Structure formats: structure tokens, C-alpha cells
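See below for the structure under consideration.
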There are 2 protein chains.
Amino acid sequence: MLAPRILKELTGIVGSANLTTEPSDLLCYSYDATQQSFLPEVVVHPAAAKQIAAIMQLANRELIPVFPRGAGSGFSGGALPTKGGIVLTTERMDKILEIDQENLIATVEPGVVTEQFQIAVEAVGLFYPPDPASLKFSSLGGNVAECAGGPRCVKYGVTKDYILGLEVVTPTGDIIVTGGPTMKGVVGYDLTKLLCGSEGTLGIITKIVIKLLPLPEAKKTMLVLFDSIDGAAQAVSSIIKHKIIPTTLEFMDGRTLDCVKQATGLQVPDAARAVLIIEVDGDREFLDKQANRIAEIIRPLGVVETRIATTPAESEALWQIRRSVSASLRKVNPDKFNEDICVPRSKVPVMIRRIDAISEKYGLAIVNFGHAGDGNIHVNIMIDKKIPGEAEKAEHAIEEVFKEALALGGTMSGEHGVGLAKAPYIPLEITPQTAAYMKAVKKALDPNNILNPGKIFLDN
Amino acid sequence: MLAPRILKELTGIVGSANLTTEPSDLLCYSYDATQQSFLPEVVVHPAAAKQIAAIMQLANRELIPVFPRGAGSGFSGGALPTKGGIVLTTERMDKILEIDQENLIATVEPGVVTEQFQIAVEAVGLFYPPDPASLKFSSLGGNVAECAGGPRCVKYGVTKDYILGLEVVTPTGDIIVTGGPTMKGVVGYDLTKLLCGSEGTLGIITKIVIKLLPLPEAKKTMLVLFDSIDGAAQAVSSIIKHKIIPTTLEFMDGRTLDCVKQATGLQVPDAARAVLIIEVDGDREFLDKQANRIAEIIRPLGVVETRIATTPAESEALWQIRRSVSASLRKVNPDKFNEDICVPRSKVPVMIRRIDAISEKYGLAIVNFGHAGDGNIHVNIMIDKKIPGEAEKAEHAIEEVFKEALALGGTMSGEHGVGLAKAPYIPLEITPQTAAYMKAVKKALDPNNILNPGKIFLDN
């Protein structure tokens, strides 16, 4: 428990209504989507960069760790207050400050919920492509800190690709501005991109300048059932080889399909052992041509059935199948470890086969779905934690999955980040020399190791 | 002059054929496109990352500055050996190592010339969009180090947007790998993007993993003459407001047009006071529709004449007008200061008016052209250095141009970088707090200040 004089000083900074040490409140801020939990000593809700700067100055003076938190929807434990201290949430900083329609730029506070922002820009004919599955509750600040992805990334890129500038409170309590509202800028180091994906360890984001696109005129969704995962994977490569980059290229393997069928009663032919959801967007009259071209390209690859949406409602129904995956998996198996390796696109089929072998070796069900278009596979190891030894077996299996992904030129995480969950595996992917370079940056910017300590690198 | 024992050790690393201290050789590596010149003590031509690592270790031990150099075509002095020492060129590392057609990824050494790379990928139906004006001689390593831009950036983004991973020798002589051949990756800090645009101060690039796109089926070029710069600027905003993002939106102001007319005999109506070169690319049958739509949108904005290319040769002829600008300016005025401010797109007309006012105040001709689509204006202050006082006047004028750009939310440089040329102006754009954050990164990674010292920050 923090000393009363420190709580008093914090209260002076944020106001008594915006600080809590109530056990029930602390519990609410103790967890994230990893289902791990660590109690903080205090939760503060600042409303402005100046307040956050004052908090960071206090924290450095008193050597109290600070854990910044968006909506707490992360899958890697980035927001977990592993060392007590202060949880600093950005929930109150939730305003869209400007949508500049002439320059296709928006400025927002970090607490804006991603979907709310998308709705606001689409209302004026603009488009913010990044679409993490958590978009209904995750916040833009968290999306930037973790460099969130989503299905549309195969065509449009990740969160980082849309961030032009930031206002940030440094670990030592200065307020700095990086980048700005121009499409180009090469004055000084690109701190904007360094901070994107830095998982709240190098600064606390207090303002975000976002690049927008014109909203595509229309989109067209197809769901294609294949008789094998190889056919689906081959389809992905073939489509792109034919120079079509769809908006999304989502896949589910046979086991995922089984879970969805079991949980939702979805009707599909028994021969279907893999699914691709393909969406294209753009000029309306161009879409039919493109969809037909795709159908033609994939026809020889073991297609069992193709469903093409002709109305927005039909498109929504096809997406509903994809969105039901997480809930379906949970219905079938009580616990799961959810990893998100990424390999070069062409390696998806071999990666899936290697995962199958690991599944067999450990006798654990592993289901795979995700963003085939960019090789980003969500690997879900399904266990029941109540069965002794299952969690330990899963941990060994995960390590093998990571090693196989790395052997194929891939990475342990395409979107979720390292946080706490993957920190033990960092030496598999990052050499000591590269880690030293990264840690030197952290040490230089956060000499007292105040900001989100122990994340990415356990010894930080 | 470096001590013989050091030259001997360097010779041992790169081989005697790849090291020179001949005065005539040193002169060749003393300058870049800024026309400033500083003599190095030795020039080395390493062939591999390991050799570069050994050189950096030696340089740290002996405290000798190292100046990495691509093709020496930079406009900001980034490659100038301002403090003697070692010039380390990457010219010998000029191989395209792989073009992976399935994954749309290439791996290259830093010395590959940009245009040669574009030709190689286009030969297999792929596309590398960044197109700095220097592409016939600049190298990809230099493009990455400076984060080069070009006309196509308005649609396709800058060099950084295509760099997936790097192999880099650190300032202290370690070899590290950042990123890799996946479309996504969030394990550890994004050193790839930090190194892009770091102007050779944080590491020496020895390998580059590049994201490619499918080559667009066709393109269509139009040259539009307007009766005022306001009409041309308004056209840029209107086109984008109508949700069309052309491949290029290049402009020239009236004075640029006068120079081109005078130097090349170009025939255009007297009423023409501004030019836009608009190119669209994509599906062939879609382009006519888009070009017509653009012509319709801009018609009310003072269009004097529209020329639409119907063949590749005609397209080339239109581009030739744009490409003749630099030579034309030099023909008319012997010396020029070439700056590349960037402002939010909608501010281009007011920026041009403010530049006109500065031109009048100092009695200096200033001509403006560049990438209107992303607000990146090449501001050319035309002087004759032989006239006493002109260079000093130009320096005052440049500072005022920078201040006006910053007042409009812009930056001093969209593509050229800071290097030596803009380092004195850094405090105009970057606050002491932000500079301290940047310098802390540099200091942590290059504690002996060996790598490209004095660039970006004069006191570094």
C-alpha cells in the first residue's frame, strides 16, 4: 500500500474522484484478456497530459512503478500491474478532437474506442482500416501501444501504418510531440513508429494523429469451403500471385470448423475441411469482376462450396461465422492458450502441418484460424486446466510452435505483442545483441525503470 | 592522417584493393548533392557485414569517426565526412539477393541502385513504389537511411512503408537483425522503422528486406495547366475530397514554368501560371473512367489546357517536362538552395503565398514545385553566390520559410532529411524535451559518438 503522503499528492494531481484504492476497484484493474491478475496499489484516471507528466515525475522521485492501461483487452498482459504500484488508465481521455476532412487526418485522445472512431469517420465518408477483433471495446491508445492488426491488414496494413504523430508523456515525465499532421516528415528520429508497438514501456500516449483513407465505395464478401487446408492455403497464394490483394483473406482450419458447427449448428457439407472468407472492396462496378476472377482462380483447388454475399446482411451473416469462432472454441473447451504466430504467407500450409504434428505429440487439440493473407495464424491450444498437467503440456507445445514458426522465417507474434505472456520466449526470437540494442533504448529513456517494468524483457 | 598501424588494420579487414588514402580518391568521397565538401582520412569499401562490424569495433577502440555513405546523392549532407575519419561506402554490397514472388518480398544489399531494383522487380510483375528523383543513381541503403520519398508517395507512401526488416551493424560493432520477412511482427521494439530515416547515425544497414506490391496493370498521365496556383492547389484538395487518390499529384508554380519554358522551349499558353501532373494507375479499364472523373472535378478551377497521354511515349513526354525542372532552374540561375518543406495538403496555397512574400521581402527569386498531393513543396531559392550578400540573404529567407511551414503545422523536411544542412534549424521544429529523448537514444546506442557524428544534432 502506498504511503498516505503519496496518495495525497496523487489526489492533488487527478482529483479525489479520479483515484481509488478500494479493493473492489483495484480488482477491476488487475487483469486483462490473458486472464492473469495482479493487484495494483492505486488506480488513477488522469484527464490530461499535464496530469500524467506530474504522475510520472512523482513516480520517478518515489520509485513507484506505473502501469499504463487502455481498455485492458490485450492478449499478452501488457497492461498487467505485475509489480503493484500505480495503474494509470486513459479511459477519461476519450475525445475525438478533430476529423480534418480536407487533409484526411484525425486527432484523438487515447481512450477513444476503436469502433466508435471508425463509425465517426465513416459518417463523413472516411475510413480507418485497422480492425482488431477487440474493436468494440479496445481503445486507440492501446491499439497504438500494441500495434494492433486485424483482418483488413492484408490489404491496408497495421495500426502503425496510420499513425502520423503522437503526443507522449516520457517515462521521466516530460511531454513530447512526435511527427505531426503531414504525410511526410524526416526531421529527427521517427519516435512515432518507435512508440507504436512499444507496449507502454517507452512513453504514455496522450494524443494521436491518424491518417485516414477515403471510404471504399462498396465491398463484396465470399465464403469458400475447401476440402483441405492445403487447398485454402494454395488459394491465398494463387490469388495474390494473380495480383489481387483482397481486403481480407481469413481462414479457419477443419477443427475450428468442427467447433463452430458444434457450438452454433452451422450447416456445411461434411467434405469441408477448411474455410476462407475473402472480401474485396473498392469501386462498385469493379467488385463483381474481381470476385469472379477470384472464384475462377481458386476453382481447381478443392472448392466444396462458395457462398457470395449479395447484400450487406448476407455479408454480415458470413462474417458472423468468423466472429463466432472464439466463443465456439470456449464452449467446446473451457481453457485455451491463444497465440498469434506469423510466417511468410507461403509457409502457412507447412506451418499448419507442423502444428498438427505438435498437437499429436502432446495429445492436445490445437485449432488454427486467422489472417492467412499475411501469414498470421491464431494458434489455439485447447485444454482443461482442471486436468493436472494439461497447462504444463500446453506450455511445452507453445514453445515448439514458436520454434517452428521461427524456423520458417516467422515471428512469435503478429499482433498481440510480447507483454508478460511471451517475455520468457524472447531469447528464441531475439539475439542477445539485438536485445541489448533494444534494452539500451529502454534504459536511456526510463533510467529508473518506472514505466511498465518487466514487460517485453522480464529483466527490464 | 590516420596512423599507419590503423590503416594496416583496416587493410587487413577489407583488403588492400578496397581501401584508399589517395588524395584524388578522398576528394571523390568528400561531397554530396549539397555541394559542400569535407575530406576524409581514408575511404573503405567493405563487402560484408562482418567487415563493417570489425571496422566499427576498431573505430570505437581508437575513437575514429565513421561516415557511412551510399551513392552520395543526398540533399542534406548526411554522408559528408565533416570530421575526417573513415568514409565507409556500401557500393560493393550491390546484390539483389532474392525476389520472392510468392510472398512479394525482396532481400537486397544496401548498394543496389534504386532504379535497377525497380527494373528487376517489374520484370517479374512486381512493384516497388518509392521513386526519389535520384533513383537512377541513389542506392536503396541510402534511401532507407534517409527515408526517401518521391512523386508516387501520395498514393503509395514513403520508403519506410516498404521496409520489413534490416540487418544492421550497430555503432559499437554488433550485427543485429530487425524485423523479417513477415507482413506483421510485434516482438520487441520496431528498430526497423527507427533505423529508417536515422541518417546513418544509429547503425549501418547491411541487408534490407523489402515488401513489394503487384505491378499495376496500367497507368494514365495527364498534364493540366491552370491560370493560378490557387486553382492547382484547389484541384489537389478537390480530387482527394472526391475520394480519388492518384498515384502522383505533382505541381509547378508559374516561376518554375517560366524557367522550364526559357530553358527547354516548352510551348504553353501565356495564361498558364501553374501545372499539375496527375497520374492514376490500376486496372486498365478503370483508368479512363477515373481520368475523366478527375477532368470533370477540376474543370471549374481555372483550367487553361489539359493534355492526356494516350501512349507510354506521350506519358514519358509529359514527365519529361517535370524532370527538366532541376536542370532548367540551374540554367537560369547558377546557384540555388533546395529545401523540401511539407505542410498539411490544404495549406499548400497559403504556404505558397507566404513564400511569395518572403521572396519579395528579400528580393530573391524563389520557385516552387513538388509533391502537392502530400503537401511536400520543393522550395528553391535562386541566387548567384558570386554576388556578395546573396547567400546570406538566402539563409535568412530559408529560416523564414521554415518558420512559416512550422506555423502551418508542417515540417522543415518531407524527404531530404536534416543531415548537416538543416541541423542548425532543429530547435525551430523540435522542442528541447523531444530533442533530449532523441539524443538519449543516440547516446545509448553510440556511447563514443563514432557513427556519423554531428548529423541531425550539431552537438551530437
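So that the names make sense, note that chain A is the first sequence line, chain B the second, and so on, each numbered from 1. The structure presented is a predicted model; accordingly, all values stated were derived computationally and were not measured.
Using a 4.5 Å cut-off between heavy atoms, A:Lys289 touches chain B through its side chain atoms alone. For chain A, the nearby part of B:His416 is the backbone; its heavy atoms alone come within less than 4.5 Å. Interface residue B:Val158: only side-chain heavy atoms are found under 4.5 Å from chain A. When heavy atoms are compared at a cutoff of 4.5 Å, B:Ile341 does not approach chain A at all. Heavy atoms of B:Ser198 lying under 4.5 Å from chain A belong to its backbone as well as its side chain. Using a 4.5 Å cut-off between heavy atoms, B:Glu199 contacts chain A through its side chain alone, with no backbone atom that close. If you measure heavy-atom distances from B:Lys160 to chain A, the contacts under 4.5 Å come from the side chain alone. Heavy atoms of B:Tyr437 lying under 4.5 Å from chain A belong to its backbone as well as its side chain. Contacts between B:Asn376 and chain A at a heavy-atom distance below 4.5 Å involve the side chain alone, from C-beta outward. Within the 4.5 angstrom heavy-atom criterion, only backbone atoms of B:Val177 (N, CA, C, O) approach chain A.
Taking CZ from B:Phe457 and CD1 from B:Ile430, the interatomic distance works out to 5.0 Å, rounded to the nearest 0.5 Å.
Checked by atom type and distance alone, the side chain of A:Thr159 pairs as donor or acceptor with a backbone atom of A:Ala148 at under 3.5 Å. The backbone N or O of A:Gly173 lies less than 3.5 Å from a partner atom in the side chain of A:Thr170, making a donor-acceptor pair.
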- request: Give the intermediate values and the outcome of side chain to side chain contact (heavy atoms under 4.5 Å, CB included) for residues A:Thr201 and A:Ile456.
  value: CA-CA 9 Å; A:Thr201 66; A:Ile456 306 179; 4.2 Å; yes
Steps toward side chain to side chain contact (heavy atoms under 4.5 Å, CB included) verdict (B:Leu126, B:Leu215): CA-CA 5 Å; B:Leu126 297 175; B:Leu215 185 65; 5.8 Å; no
task: Determine, step by step, whether B:His371 and B:His378 satisfy the side chain to side chain contact (heavy atoms under 4.5 Å, CB included) criterion, reporting the C-alpha distance in whole Å, the side-chain angles of both residues, the deciding distance to 0.1 Å, and the verdict.
output: CA-CA 8 Å; B:His371 318 307; B:His378 291 284; 3.3 Å; yes
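Per-residue counts of heavy-atom pairs under 4.5 Å with chain A were compared for B:Ala440, B:Pro181, B:Ser76; the largest is that of B:Pro181. The candidate from B:Gly197, B:Gly125, B:Gly179 with the greatest count of non-hydrogen atom pairs under 4.5 Å with chain A is B:Gly125. In terms of non-hydrogen atom pairs under 4.5 Å with chain A, the most contact-rich of B:Asp161, B:Ile426, B:Leu445, B:Val168 is B:Leu445. Here A:Leu191 is the residue among A:Leu194, A:Thr431, A:Leu191 with the most heavy-atom pairs under 4.5 Å with chain B. Note: A:Ser346 leads A:Ala436, A:Ser346, A:Pro432 in heavy-atom pairs under 4.5 Å with chain B. Of the listed residues (B:Gly419, B:Gly375, B:Cys342, B:Gly373), the one with the most heavy-atom contacts under 4.5 Å to chain A is B:Cys342. Among A:Glu429, A:Gln101, A:Lys455, the residue with the largest count of heavy-atom pairs under 4.5 Å with chain B is A:Glu429. Comparing A:Glu217, A:His242, A:Lys243, A:Glu146 by heavy-atom pairs within less than 4.5 Å of chain B, the highest count is held by A:Lys243. Between chain A and the options B:Glu285, B:Lys443, B:Lys422, heavy-atom pairs under 4.5 Å are most frequent for B:Glu285. Contact tally against chain B (heavy-atom pairs below 4.5 Å) for A:Asp100, A:Ile240, A:Leu104: the top residue is A:Leu104. Heavy-atom pairs under 4.5 Å with chain A were tallied for B:Thr411, B:Asp174, B:Val187, B:Val154; the largest tally goes to B:Val187. For the set A:Lys193, A:Glu102, A:Met438, A:Gln433, the count of heavy-atom pairs under 4.5 angstrom toward chain B peaks at A:Met438.
Taking all atoms of both residues into account, the shortest heavy-atom contact from B:Pro349 to B:Arg345 is CD-O, 4.5 Å. For the pair A:Glu415 and A:Asp340, the tightest heavy-atom approach, listed with the atom from each and the gap, is N-OD2, 2.6 Å.
For A:Lys347, the NZ atom sits in a loose shell: 12 or fewer heavy atoms of surrounding residues, nucleotides or ligands are nearer than 6.0 Å. Around atom NZ of A:Lys241, no more than 12 heavy atoms belonging to other residues, nucleotides or ligands sit under 6.0 Å away.
Ring geometry, A:Phe286 versus B:Phe286: the interplanar angle falls under 30°, so the pair is classed parallel (tilted spans 30 to 60°).
A donor-acceptor contact closer than 3.5 angstrom links the side chains of B:Asp281 and B:Tyr156.
Exactly one of A:Thr182, A:Leu164, A:Ile99 qualifies for a side-chain contact (heavy atoms from CB on, under 4.5 Å) with A:Ile105. That residue is A:Leu164.
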